[in-house]
Amino acid sequence: MQVISTVREPLITGGKTIKDVTEDICKQVEGAPSKSWIAAFGLSFLLLAVGGAFLGDLFWTGIGRWGLNKTVNWAWDITNFVWWVGIGHAGTLISAVLLLFRQKWRTSINRAAEAMTIFAVFCAGSFILMHVGRTWLAYWCLPLPNTYGSLWVNFNSPLVWDVFAISTYLSVSLVFWFIGLIPDLATIRDRATGAVSRFIYGMLSLGWDGSTKSWMHYEAVSLVLAGLSTPLVLSVHTIVSMDFATSVIPGWHTTIFPPYFVAGAIFSGFAMVLTLMLVVRKVYKLEDYVTMEHIEMMNIIIIVTGSIVGIAYTTEFFIAWYSQVPYEQYAFLNRMTGPYWWAYWAMMTCNVISPQLFWFKKIRTSLMMTFVLSIVVNIGMWFERFVIIVTSLHRDYLPSSWVMFSPTLWDIMCYAFSFGLFFTFFFLFAKYFPVINMAEVKAVWKDSNPKVYKARRTISNDWIPENERVEEVVH
Amino acid sequence: MKSEHSHHTDHNLDERFVFSDGVRKTIFIILGLGVVFFAIGIAMLALGGSGHDAHALAFSGGESGSVDSGHHGYHWTNRLVVNFWHNNIYFVGITIVGVFFVALQYAAHAGWGVLVKRIPEAFGGFLPIIGGLILLVFVVDAFVGNHVLFHWVDPSLYIENTPNYDPIIAGKQAFLNTPFFIIRMLLFLGGWYAFYLAIRKNSLLEDLEKHTTSKYFWKIKTISTLFIIFFALSSSMSAWDWVLSIDTHWFSTMFGWYVFASWFVTGAATITLGVIFLKEMGYLKSVTESHLHDLGKFVFAFSVFWTYIWFSQFLLIYYANIPEETAYYLERLSSDYYSKFFFVNIFLNFFFPFLSLMTRDAKRKVGILKFVCMVVMFGHWLDFYLMITPGTLKENGGFGFLEIGLAMIYLALFTFVVAKNLAKSPLIAKNHPMLEESLNHHI
């Protein structure tokens with residue numbers, strides 16, 4: 001038996017029944033696409049197409065189209081890659097790590113967050129494919145049998161570790177997400193009135209019959225995948241950080257990078273989940289499932305991870321001074337006061353200073369402020385990667401190689417392409433898949449329904465303190 | 001019907017820990033043995049038969065530390081000072097992690113641990129003593145002693161155009177100078193103690209209420225959050241001060257979190273052991289396998305976390321192979337004496353807890369949990385040995401009666417103070433609003 005304390009907020013509000021859960025979530029999938037959905041999807045697809053045209057030109061002509069030069073040989077490409085892969089941490093973190101921490105509020109947001117994760121990793125992967133230059137030979141990153149001459153990957157390179165880390169992460173996340181979808185897809189299949197949707201959702205739900213045996217297998221697989229995902233989600237950004245930190249470039253080589261990158265990834269991932277969920281809950285009227293409590297929890301995670309990132313920035317700065325290594329000292333001073341000072345301060349303001357506003361309950365429970373700050377955080381996290389990559393590279397050891405980086409239209413449009421890709425997938429997901437995990441929400445429903453909640457409380461202890469009696473009724 | 005909780009359940013919520021003669025006897029036996037070992041250790045060192053003649057001989061002429069060669073020469077008392085410092089750092093970690101653990105429970109709204117929270121809470125009572133010892137050992141070594149612990153306290157390093165001048169250390173003077181160091185020390189220790197007192201006071205006030213109340217819960221939650229912010233900054237900075245600056249030239253941005261990870265997992269193991277010992281004495285009947293399972297998960301997860309931090313720091317320094325940074329690992333790995341500790345450290349703190357606590361069953365069996373927690377406590381004690389000894393004693397480090405004896409003395413002292421503190425309040429926070437969750441915790 002489980003007891004839920006009165007100091008906990010309910011997970012679902014509005015006195016929803018189990019039937020309501022199915023109804024509220026399925027109706028978005030079953031209904032005809034709304035005009036606003038068609039407009040949003042059309043816009044995303046347009047962005048994908050226009051960005052795709054520039055990308056095609058980049059493939060045809062070569063990455064000389066980008067603003068890279070001999071000194072700054074990584075810039076927006078890798079910035080965008082790290083930014084997207086960072087965003088792609090929240091889903092698995094919510095599903096796997098919050099599961100381990102028994103955070104039940106995750107059930108309302110894990111589905112959309114996982115989908116977002118997968119699409120973000122697609123976008124990240126697209127930059128890896130772009131930046132190799134000859135994308136059609138990208139499979140050379142894999143250790144294939146050596147029939148092409150002296151071709152073999154360098155296992156000493158963290159870039160190769162990254163290929164494995166990200167492809168494994170993507171595969172496991174995809175399987176995890178899909179397995180989680182099966183019972184819900186079966187619900188939609190069973191409710192479907194048209195032959196086409198019954199056929200498609202029937203195929204997708206893999207013959208799910210809802211028997212005890214099926215649930216048993218389902219639970220076992222979920223647990224195994226959660227166990228696999230937890231080290232994976234941490235390893236991905238750890239290895240991304242090692243792309244930089246194993247080098248000897250001042251500003252890149254710092255031992256705090258692995259945990260600090262992971263914290264930053266969670267930070268930006270949660271910000272993106274908030275940006276998307278705030279829109280989805282409004283448009284789909286899911287305010288009783290993604291409640292203020294959910295938003296506040298995510299905002300708290302943003303304060304914690306934002307502060308960790310802030311401490312890491314400060315630690316790097318301090319240790320650079322403390323090390324008395326002139327190169328280190330210069331690299332960090334140059335970040336703050338050099339020609340890229342604006343990028344540095346954009347990063348500091350967006351990542352460290354503005355999330356501190358969430359310490360105020362009024363702000364972290366304000367939808368508008370949360371929405372604005374979630375976007376601010378993602379701008380800040382883009383600048384963080386830009387600062388790390390470009391400011392560390394643009395000052396070479398030889399002053400004759402000192403340059404600035406300026407993006408070309410292709411840099412900008414390839415970034416736009418990734419947004420097109422992301423939102424095209426996300427809008428498709430939001431229309432044709434249940435955005436909230438119905439099965440899991442139903443599983444926590446008992447813990448949050450105010451009526452059941454009160455009755456359960458009396459099982460173990462029928463005495464309710466006087467000052468809390470009134471509050472109980474209000475819930 | 002009115003105010004009695006226990007009335008409805010089989011739980012004894014009013015139980016108190018009695019610091020019995022039996023418990024005292026056990027502690028005094030550990031203390032007595034520790035003193036004997038310590039005395040033997042000192043006698044062996046003072047009489048020159050420490051068993052480390054080979055090391056000592058390598059430093060010819062260092063046997064009696066004259067005023068001139070001060071911190072350069074090796075005298076057996078150096079080993080004594082380093083031992084005190086090693087145990088100071090190790091035990092202050094366990095102590096403050098106790099308070100931090102309680103704060104985390106409140107800040108994270110965690111209900112499962114209410115039944116056991118008085119145990120880590122009691123750790124805080126050791127703060128004044130361990131804090132005093134830290135201050136005392138530092139002051140003695142810096143002002144009276146041989147500058148064994150911190151090379152940088154030597155004023156001659158900062159005088160330009162003299163043979164002792166060290167431009168790197170001189171560059172760090174704005175941070176590494178004795179007055180500022182002591183101010184920071186007082187700030188961290190004082191701040192930790194103040195937060196502990198605030199949490200403890202409100203926790204005990206809650207007990208005096210007639211029935212369950214959330215008033216103190218929210219108050220402690222606020223204090224806990226503030227403490228976590230303070231601790232996030234002060235734990236890293238204290239690690240820079242008290243441990244990193246021993247190898248004065250060396251630096252690593254990860255180091256603060258590395259020390260924190262080591263402290264935290266040791267604290268989690270100590271809390272788990274405390275709960276197990278109390279259960280074995282017949283207390284905490286309401287604590288079930290589920291609670292132990294959760295504590296075991298902390299020990300398991302943070303052993304992995306420590307390894308993650310350890311590995312990341314090592315790999316990045318090894319890979320980049322920059323001489324300023326590799327110096328730290330060379331000092332340990334290329335030493336005939338320390339290299340074995342280096343590998344034992346990884347085994348005891350990663351492979352052993354990882355493999356033995358992997359299964360669900362292992363985390364729910366008192367016997368296994370007890371043994372693993374003891375190993376983890378010892379393993380991290382060695383981890384701190386490996387952080388502190390090479391930089392201070394160089395190749396004169398030793399491991400014998402002195403080390404084991406002093407650790408036992410500290411352990412007895414810690415246990416005595418914590419047990420005494422624990423006996424002052426009821427074992428269970430009976431008015432905690434999440435107590436019911438903890439009593440009905442099943443996983």
Side-chain angles (χ1 to χ4, degrees), chain A residues 1-9 100-103 156 158 230-231 234-235 238 241-242 245-249 252-260 262 297 300 304 307-308 311-312 314-325 328-329 359 457 459-468, chain B residues 1-5 8-9 108-112 167-172 174-176 211-214 217-218 229 232-233 236 240 244 249-258 297 301 304 308-309 311-313 315-317 319-322 324-325 433-437 439-443:
Chain A
M1 180 194 60
Q2 210 172 11
V3 175
I4 306 297
S5 301
T6 44
V7 287
R8 292 196 193 279
E9 298 286 331
L100 294 180
F101 282 107
R102 292 196 296 266
Q103 299 295 304
N156 288 338
T230 305
L234 300 179
S235 78
T238 296
S241 82
M242 286 174 182
T246 49
S247 72
V248 291
I249 311 274
W252 283 11
H253 175 70
T254 155
T255 49
I256 207 170
F257 256 33
Y260 136 55
V262 172
M297 287 293 186
I300 289 172
V304 173
S307 305
I308 292 176
I311 288 178
T314 326
T315 302
E316 281 187 324
F317 232 94
F318 172 75
I319 297 285
W321 169 78
Y322 177 88
S323 74
Q324 295 291 312
V325 177
E328 289 287 330
Q329 293 180 337
W359 285 110
R457 196 174 190 285
I459 293 168
S460 67
N461 181 2
D462 53 353
W463 179 82
I464 299 169
E466 227 160 63
N467 56 338
E468 281 166 23
Chain B
M1 188 76 195
K2 248 186 9 225
S3 65
E4 282 300 308
H5 256 199
H8 297 283
T9 58
H109 237 76
W112 66 273
I168 294 177
I169 296 180
K172 303 184 189 207
F175 185 75
L176 290 183
H211 49 67
T212 303
T213 170
S214 49
F217 173 81
W218 294 112
I229 300 170
L233 298 167
S236 272
W240 299 339
L244 177 74
H249 281 201
W250 188 69
F251 55 91
S252 167
T253 42
M254 185 77 107
F255 202 78
W257 294 356
Y258 177 68
K297 282 188 213 165
V304 177
Y308 170 66
I309 300 289
F311 179 73
S312 301
Q313 179 171 271
L315 177 82
L316 293 176
I317 289 175
Y319 197 114
N321 205 12
I322 300 173
E324 290 95 313
E325 295 183 357
M434 288 191 181
L435 179 65
E436 282 290 316
E437 279 191 23
L439 287 172
N440 293 286
H441 181 53
H442 296 295
I443 50 168

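Reminder, nothing fancy here: chain letters follow the sequence lines and each chain counts from 1.
For A:V325, the part lying near chain B is the side chain, with the backbone staying farther off; criterion is any non-hydrogen pair under 4.5 Å. With a threshold of 4.5 angstrom between heavy atoms, B:A110 approaches chain A through N, CA, C or O but not through any side-chain atom. With a threshold of 4.5 angstrom between heavy atoms, B:I322 approaches chain A through side-chain atoms but not through N, CA, C or O. Contacts between B:W112 and chain A at a heavy-atom distance below 4.5 Å involve the side chain alone, from C-beta outward. For A:I300, no part sits under 4.5 Å from any heavy atom of chain B, backbone or side chain. In this structure, the portion of A:S247 lying under 4.5 Å from any heavy atom of chain B is its backbone and not its side chain. Neither the backbone nor the side chain of A:F101 comes within less than 4.5 Å of any heavy atom in chain B. Heavy-atom distances place the side chain of B:F217, and not its backbone, under 4.5 Å from chain A.
Annotation: side chain of B:Q313 is not in contact with side chain of B:W257 (no heavy-atom distance under 4.5 Å).
For B:K172, there are no salt bridge (Lys or Arg N to Asp or Glu O under 4.0 Å) partners at least two apart in sequence or on another chain.
Under the 3.5 Å distance criterion, the side-chain polar atoms of A:H253 are matched with a main-chain donor or acceptor of A:A245.
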Dump the intermediate steps for side-chain contact (heavy atoms from CB on, under 4.5 Å) on B:L316 and B:M254, then the final yes or no. CA-CA 10 Å; B:L316 293 176; B:M254 185 77 107; over 6 Å; no
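Taking chain B as the reference chain and counting heavy-atom pairs below 4.5 Å, the highest number among A:I319, A:T246, A:N156, A:T315 is found for A:T246. Chain A forms the most heavy-atom pairs under 4.5 Å with one residue out of B:I229, B:V304, B:N321, B:L233, and that residue is B:I229.
Minimum interatomic distance between A:S241 and A:P258 (heavy atoms only, all atoms of both residues): OG-CA, 3.3 Å. Considering every non-hydrogen atom in both B:I309 and A:P259, the closest pair reads CD1-CG, 4.0 Å.
A donor atom on one side chain and an acceptor atom on the other are not found under 3.5 Å apart for B:T253 and A:Y260.
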